[in-house]
A.B. asks: 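Questions regarding the structure given below will be posed in turn.
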Amino acid sequence: MKFTLPLLLVACSDAFTVPTLPSTVHSRSVPLYSLKGDASSGPQTGVKRKYLKKVAKTVAAGSMVIPQAAFAAATKTEPTLHTGQKIAKAVSNALPCLPQTGVLALISAMPVVELRGAIPVGLWMGLPLSTVFPLAIVGNMAPIIPMLLLLKSEPVQKLFAPLLTRAESKAGSIINAPADKQWAALALFVGIPLPGTGAWTGALAAFVLGMPLLTSLTAIFAGVVSAGVIMSAITLSGKKGGIAALAALFGYAGTKILGGSKKQDFLEATPYYDQSTVPVNTYKNKSPFTGKVVSTKRIVGPKATGETCHIIIGHEGKMPYWEGQSYGVIPPGTREKDGKPHSVRLYSIASSRYGDDMTGNTASLCVRRATYWCPELKADDPAKAGICSNFLCDTSPGDEVKMTGPSGKVMLMPEEDPKTDLIMVATGTGIAPYRGFIRRLFEEDTPARAAYSGEAWLFLGVANSDALLYDDEWQSAIAKPTVNGGKLRLDYALSREATNKKGGKMYIQDKVEEYADEVFTKLDTGAHIYFCGLKGMMPGIQDMLKEVCTNKGIDYDEWLAGLKKNKQWHVEVY
């Protein structure tokens with residue numbers, strides 16, 4: 001990426017430009033930010049006119065933000081004040097008892113100034129860099145912790161909604177980074193002074209991404225320190241110093257984001273397709289494992305029919321699983337009818353065995369909040385809400401979750417023959433196991449991906465476009481065929497936005513029926529077909545398949561029995 005200092009610092013509008021330096025800095029006997037020089041007042045102790053002019057020149061020439069006219073103004077007795085200086089002056093006038101260090105710390109905390117504006121302002125005030133640097137860092141970080149904590153409140157989220165939306169649009173570099181690289185991506189986002197970056201925007205972006213509090217804070221702190229080094233280098237060493245600091249930051253971040261990725265092979269069987277070692281029921285109902293939530297994020301749009309969340313849970317590597325398996329979750333509390341603990345609920349795991357962070361220490365669940373609309377109340381009846389789904393969707397990072405499993409082998413992938421086509425049919429959160437399949441085959445550096453040469457065909461049925469799940473991941477996988485020609489194919493059935501051939505709503509069985517000939521041909525040549533979602537999906541699908549068989553002169557019962565005998569038929573409904 002071609003990255004020049006002018007482009008970098010043009011981003012820092014008035015608030016972030018390096019301010020011009022006055023020819024003299026006055027003592028506290030006159031207003032701190034007086035625009036007129038007064039020889040009788042004398043220069044501030046320890047600060048000489050010659051030094052100030054030198055700093056002004058290096059700041060102006062090195063940063064390339066202040067044009068020549070601005071530099072000329074810097075050497076006059078009535079310089080043009082920039083936003084950071086104006087704010088500092090206003091604060092000093094409003095709080096005359098506040099020392100210069102307090103003024104600097106206060107303006108560092110303001111989103112319109114932040115550290116990158118505070119460092120040059122501090123030098124303009126005549127403070128030494130050894131004081132300016134730590135004060136600007138502390139000031140910039142001070143509001144970040146309370147802001148991240150307050151954002152857990154729904155009223156605060158609503159208040160910040162426009163800013164959160166803007167932060168999400170600005171933070172594409174973080175969102176698109178692999179989960180295990182997001183710390184470095186966030187630090188880089190905060191550390192490089194581009195338009196719309198910085199600690200405040202970084203904190204909002206971290207919240208949108210559901211990053212854990214400690215992870216967010218350490219990454220933002222690293223970015224703030226990096227930004228401080230860059231601004232100090234620009235101010236004191238000019239263009240060369242700024243470029244050197246930027247190069248160092250890019251070099252370090254590059255090794256963290258682009259380099260050193262761990263090959264996904266440390267959780268493989270030998271050979272990788274051998275299913276004799278699949279873990280089952282490592283933890284049972286009477287002695288569940290207590291995992292901790294890493295993040296909980298809503299993953300559907302505002303017009304979706306209901307709320308669906310992606311929840312990442314840490315299991316410390318103690319609950320290994322394979323793609324297609326399920327975890328049990330025991331919600332906290334007891335049942336009203338008998339006071340006994342709640343029973344376990346099963347959820348298909350929505351990640352590969354390596355987890356979203358590629359470490360093998362986490363698992364993801366895709367959960368739709370179960371609610372019941374009461375026609376009499378004309379509102380959701382909380383008494384009939386799904387206990388476990390609401391518990392999971394309401395979790396925050398650090399919350400504990402009691403889990404059992406992993407369980408099930410019916411949805412495992414047949415990896416022994418890499419030419420095998422996969423036909424994956426899902427409604428709603430039934431997409432979960434297929435996300436694990438697709439990540440393993442197209443996103444991760446696994447032996448399965450290296451060998452795969454078949455076609456993975458995904459059918460997903462949801463109500464509307466806002467209810468689509470993980471579409472960005474599917475599009476990414478489509479663009480990444482395997483080295484042996486393996487590819488992902490995608491078809492959506494949007495019941496409220498599309499119609500079937502009969503003019504009715506487009507349900508999942510209608511979309512599959514559109515490709516009936518191709519689907520049957522693939523099954524006849526060894527493809528495996530999977531169904532996952534609400535149990536109500538199966539009658540419609542089976543009726544459609546029976547009708548297709550009748551039209552083709554095939555005995556449906558014999559055809560289905562043959563698929564089951566060959567282990568080509570996989571069903572997991574709830």
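Every heavy atom of this structure was used, including side-chain atoms; hydrogens, water molecules and symmetry mates were not. Computed from a predicted model, the values in this text were never measured in an experiment.
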A.B. asks: Could you verify whether a donor N or O on one side chain and an acceptor N or O on the other, from S364 and D356, lie under 3.5 Å apart?
C.D. replies: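 Result is yes, a qualifying pair exists.
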
A.B. asks: Can you list the residues that meet the side-chain hydrogen bond (donor to acceptor under 3.5 Å, both in side chains) rule with N484, with sequence neighbours excluded?
C.D. replies: none

A.B. asks: Looking at side-chain heavy atoms only, is the closest gap between P99 and T101 below 4.5 Å?
C.D. replies: yes

A.B. asks: One thing to verify: whether E316 and K292 come together as a salt bridge, which I'm taking to mean a side-chain N less than 4.0 angstrom from a carboxylate O.
C.D. replies: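 Salt bridge: no.
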
A.B. asks: Indicate yes or no: at least one non-hydrogen side-chain atom of L460 is less than 4.5 angstrom from one of D471.
C.D. replies: no

A.B. asks: Short question: side chain of T218, backbone of T215 - any donor-acceptor pair under 3.5 Å?
C.D. replies: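 Checked: pair present.
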
A.B. asks: Between Y327 and L346, is the side chain to side chain contact (heavy atoms under 4.5 Å, CB included) condition met? List the steps.
C.D. replies: CA-CA 6 Å; Y327 270 164; L346 292 178; over 6 Å; no

A.B. asks: Would you please test F459 and M424 for side chain to side chain contact (heavy atoms under 4.5 Å, CB included) and show each step?
C.D. replies: CA-CA 6 Å; F459 291 90; M424 304 167 285; over 6 Å; no

A.B. asks: For A109, is there any backbone N or O sitting under 3.5 Å from a side-chain donor or acceptor partner on W200?
C.D. replies: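 Judged by distance alone, yes, a pair lies under 3.5 Å.
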
A.B. asks: When you check the gap from the basic side-chain N to the acidic O, do E323 and R353 get nearer than 4.0 Å?
C.D. replies: yes

A.B. asks: Answer yes or no: is there an ion pair linking R435 with E473, defined by an N-O contact shorter than 4.0 Å?
C.D. replies: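 Looking at E473 together with R435, the answer is yes, because their closest N to O distance falls below 4.0 Å.
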
A.B. asks: In this structure, are over 12 heavy atoms from other groups packed under 6.0 Å from K303 atom NZ?
C.D. replies: no

A.B. asks: Tell me every residue that passes side-chain hydrogen bond (donor to acceptor under 3.5 Å, both in side chains) with T308, counting only those two or more places apart in sequence or in another chain.
C.D. replies: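 Checked T308 against side-chain hydrogen bond (donor to acceptor under 3.5 Å, both in side chains); zero matches.
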
A.B. asks: V225 versus F221: any side-chain heavy-atom pair under 4.5 Å?
C.D. replies: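 In short, these two side chains touch, coming nearer than 4.5 Å.
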
A.B. asks: So which atom in F442 and which in L488 form the shortest heavy-atom distance, rounded to 0.1 Å?
C.D. replies: CZ-N, 3.6 Å

A.B. asks: Y283: what forms a side-chain hydrogen bond (donor to acceptor under 3.5 Å, both in side chains) with it, not counting sequence neighbours?
C.D. replies: none

A.B. asks: Taking the basic N atoms (NZ, or NE/NH1/NH2) and the acidic carboxylate oxygens, is any pair closer than 4.0 Å for R440 and D445?
C.D. replies: no

A.B. asks: Side chain to side chain donor-acceptor pair (under 3.5 Å) between E443 and S476: does it pass, once the steps are laid out?
C.D. replies: CA-CA 8 Å; E443 294 292 338; S476 173; 3.0 Å; yes

A.B. asks: Output yes when a side-chain donor or acceptor of Q325 lies under 3.5 Å from a complementary backbone atom of P279, and no otherwise.
C.D. replies: yes

A.B. asks: Consider side-chain hydrogen bond (donor to acceptor under 3.5 Å, both in side chains). Of S351, S407, S326, which one does Y321 pass it with?
C.D. replies: S351

A.B. asks: State, yes or no, whether a side-chain contact exists between D491 and L458 at a heavy-atom distance under 4.5 Å.
C.D. replies: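 The answer is no; the side chains never approach within 4.5 Å.
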
A.B. asks: Considering non-hydrogen atoms only, spot the tightest contact between F266 and M358 and give its length.
C.D. replies: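 Answer, listing the atom of F266 first, then M358: CZ-O, 3.6 Å.
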
A.B. asks: So, S352 side chain and R439 main chain: donor-acceptor pair closer than 3.5 Å or not?
C.D. replies: no

A.B. asks: Answer yes if the side chains of E497 and S465 hold a donor-acceptor pair under 3.5 Å, and no otherwise.
C.D. replies: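 Short answer, yes.
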
A.B. asks: With distance as the sole criterion, is a donor-acceptor pair present between the side chains of T446 and E268 under 3.5 Å?
C.D. replies: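 Side-chain D/A pair, T446 to E268: absent.
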
A.B. asks: Could you tell me whether Y492 atom OH has more than 12 heavy atoms of other residues or ligands within 6.0 Å of it?
C.D. replies: yes

